[in-house]
Colleague: 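Please see the structure below; I have some questions.
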Amino acid sequence: MMNDFIQNISPSINDTIRSLSLFYPEIGIATGFILVVLADLFFHRRSPQASFMLTILCLALVGCLNFSQLGYPAEAAFGGMIIVDRLAVVFKIIFCFVSVLFVLFVRYNQSLQNSSKGTGDLYSILLAVHLGLHLMVMSQNLVMIYLSLEMVSVGSYLMVGYLSGNPKQSEAAMKYALFGAVCSAFMLYGMSLLYGFTGSLEIYSPQFASFLITTPFASWGLGLIMLLTGIAFKLSLVPFHFWSPDVYEGAPTPVTAFLSTGPKIAGFALLIRILAPFQPFNLSGIDSSIFSMTTVLAVMAIASMVVGNFGAIWQNNVKRVLAYSSIGHTGFMLMALFVFSASGFKALIFYMVIYSIMNMAAFMIVDEIEERTGKQNIDDYKGLGKSFTVLMIAMVVVLVSLTGLPPTAGFTAKFLIFSAAIEAYNLSGSALMMIVIITGAISTVVSLFYYFRIPLNAFLRTGENQVTGIKGSPKVYITLFLVFLLIFFILFPSPIQKLL
Amino acid sequence: MIPLSHFMFISAVLFCLGLYAVLTKRNAIQVLIGIEFMINAAILNFVAFGRFDKATGGGQMFALFTIVLAAAGVAVALAIILNVYKHFRTINPAKIDSLKD
């Protein structure tokens, strides 16, 4: 019995050693995590910003390592646990960008900086979550998928409940943690069923898809839907979106900005990884007469766009409006996945880059205004255009971009997604695809109503008490840089497109 | 030798019990216990299926990782619930509703 295993030892050790060379960025993050924890422990009093500097350095280093991996051919590592291919590397570069913005956001956020807890732990949690995000986009094994998803989830619960300074923050953290744990338990049970039917944890092994389809539909359909539940929760797709408005409102604003970008983008990468073995849907048998994966995704996309965009109209709190709008954006991004090819992924990744710039900028402006005036509701924004002219003009550009109108990069992004969806319609010719496209167009028009309530109040209505005097804060400069990027990328989209 | 179907039946029952607790209990810690039930149902499945996967032992390995992760998740959730109790003096999820539409 023992001898059977002994001959496997040296090949697996060789494989592990070979795999380490593909794992430099992740090793860098893990080292950075330990250093940040130590720096926060020992140098917190002497230099309070040591952990901030270390985190930025670590993220810059990881970004460079990621760029160096761009040219690598696709290669599986660690016995097929993870795969390093171009798609994964591009996603990892986006995460570095988002994380750097988040770290800067935390650095210049007053409520986090002034809290007695300090921000050192927040940076170390961020690095742990960042490692989880990296693993999420590379995983091709059910164990790895579950591990990385939980790594991101548990870290996110901690981030939301980090301050717990007021009832709203702790309530948001509790809702997020309980809802998230239930969804991940669902996903785990789905995984155990899939493992039972296929006898394999590797979703790319040939037996996975073929064995799965040969079992009765009632069993594999259940397993697959349960698996999708966990991912839909991370993406806040309808009907698993209930947590997102509450958590976005309650969490500290930098954390909200991070949650609406990083984990969501990773969720899409995971969705691509899980759906890839079943491509094309109609040949693999997953789209049969009783069940159709395409229909499930299409219905989710339509429902998310409708709920997100119509839900946002009735909101007054700016962070809730942005939460609902991000649900709508997720449904919209799902349209790109119906063409499961390089062109669909390109549209999706371009949209994600622009979306993360827009969302980060929007939350930074909201945070800046909240810090200076304490105003969180759209109705209170009356007359703010006079005292915060530059900031509100930046807000208008970001909102125009979120709607998807020229002259901002949001237009290019929406245009690419629509062309991918129309390509899918031409290929399949199904009426459902047409409905998805029409819903996308209508929801874009609807989104005008709620986005433009903010400039309407800020510029065209006058408020009672004027707040005067605004000194340029670092956050304003970062926002202006992001707004510049939004206008830059519609003129010169080539830097992003070269990446893809 | 106990047949595989027995394990699957027990685990399905365990999962449903956990879901019932999550949906009906009016105490955040009892909800957490329900979630533990659901996770343990999945673990039972993994171990039972893993018997037929002797070559790679994937099911057993997955079960071990899950046990550790479930403990980590519960630790975080309990800390958060403690914070909620400090602010609200209750841990009934139905009564904690300062955030709503």
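Quick note: numbers below take in every heavy atom, side chains included, and nothing from hydrogens, waters or symmetry partners. Residue numbers start from 1 in every chain, and the chains themselves are labelled A, B, ... in the order their sequence lines are given, proteins ahead of strands.
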Colleague: Please give me the minimum heavy-atom distance between A/Ser164 and B/His87, naming the atom from each residue.
Modeller: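 Smallest interatomic distance, heavy atoms only, reads O-NE2, 2.8 Å.
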Colleague: Going by the ring pair (Phe, Tyr, Trp, His ring centres under 6.0 Å) test, which pairs reach into residues 25-50 of chain B, not counting sequence neighbours?
Modeller: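 Every ring pair (Phe, Tyr, Trp, His ring centres under 6.0 Å) pair that includes a residue of residues 25-50 of chain B, provided the two are not neighbours, is A/Tyr195-B/Phe46, B/Phe46-B/Phe62.
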Colleague: Give a yes or no on this: more than 12 heavy atoms of other residues, nucleotides or ligands lie within 6.0 Å of atom CZ of B/Phe52.
Modeller: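 Yes, CZ of B/Phe52 has more than 12 neighbouring heavy atoms, counting only those of other groups under 6.0 Å.
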Colleague: Any chance you could measure B/Ile39, atom CD1, to A/Leu188, atom CG, to the nearest 0.5 Å?
Modeller: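 Here the rounded value is 6.5 Å.
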Colleague: Report yes if the side chains of B/Phe65 and A/Met144 come closer than 4.5 Å at any heavy-atom pair, otherwise no.
Modeller: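 They are not in contact (no side-chain heavy atoms under 4.5 Å apart), so the answer is no.
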Colleague: Is it the backbone or the side chain of B/Val76 that comes under 4.5 Å from a heavy atom of chain A, or both, or neither?
Modeller: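 Interface part for B/Val76: side chain.
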Colleague: Just to be sure I understand the criterion: a residue of residues 168-180 of chain A counts if one of its heavy atoms is under 4.5 Å from a heavy atom of chain B. Which ones qualify?
Modeller: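 Listed by number: A/Lys168, A/Ser170, A/Glu171, A/Ala172, A/Ala173, A/Met174, A/Lys175, A/Ala177, A/Leu178.
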Colleague: Chain B heavy atoms under 4.5 Å from A/Met151: which part of the residue, side chain, backbone, both or neither?
Modeller: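 Looking at A/Met151, nothing touches chain B.
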Colleague: Less than 4.5 Å to any heavy atom of chain B: does that hold for the side chain of A/Asn141, its backbone, both, or neither?
Modeller: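 It is neither, since no heavy atom gets under 4.5 Å.
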Colleague: Could you tell me which portion of A/Tyr248 (side chain, backbone, both or neither) has an atom closer than 4.5 angstrom to a non-hydrogen atom of chain B?
Modeller: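 Neither part, no heavy atoms under 4.5 Å.
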Colleague: Which answer fits B/Lys100, side chain, backbone, both or neither, if we ask what part of it has an atom under 4.5 Å from a heavy atom of chain A?
Modeller: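 The backbone, not the side chain.
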Colleague: Mind checking the OG-CG spacing from A/Ser153 to B/Leu69? Nearest 0.5 Å is all I need.
Modeller: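 So the OG of A/Ser153 and the CG of B/Leu69 are separated by 10.0 Å.
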Colleague: Looking only at heavy atoms, which two atoms of B/Ser11 and A/Tyr189 are closest? And how far apart?
Modeller: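 Looking at all heavy atoms of both residues, the closest pair is OG-OH, 3.1 Å.
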Colleague: With only heavy atoms counted, which part of A/Met226 is less than 4.5 Å from chain B, the side chain, the backbone, both or neither?
Modeller: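 For A/Met226, the contact with chain B is made by the side chain alone.
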Colleague: To the nearest 0.5 Å, what is the distance between CE on B/Met8 and CG on A/Leu193?
Modeller: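 These two atoms lie 6.0 Å from each other.
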Colleague: Does A/Phe310, at its CZ atom, have more than 12 non-hydrogen atoms belonging to other residues, nucleotides or ligands within less than 6.0 Å?
Modeller: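 At most 12 heavy atoms, drawn from other residues, nucleotides or ligands, come within 6.0 Å of this atom.
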Colleague: For B/Leu19, is it the side chain, the backbone, both, or neither that has a heavy atom closer than 4.5 Å to a heavy atom of chain A?
Modeller: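 For B/Leu19, the side chain is the part near chain A, not the backbone.
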Colleague: Any idea which heavy atoms bring A/Ser192 and B/Ala42 closest together, and the distance?
Modeller: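 In terms of heavy atoms, the two residues are closest at CB-O, 3.7 Å.
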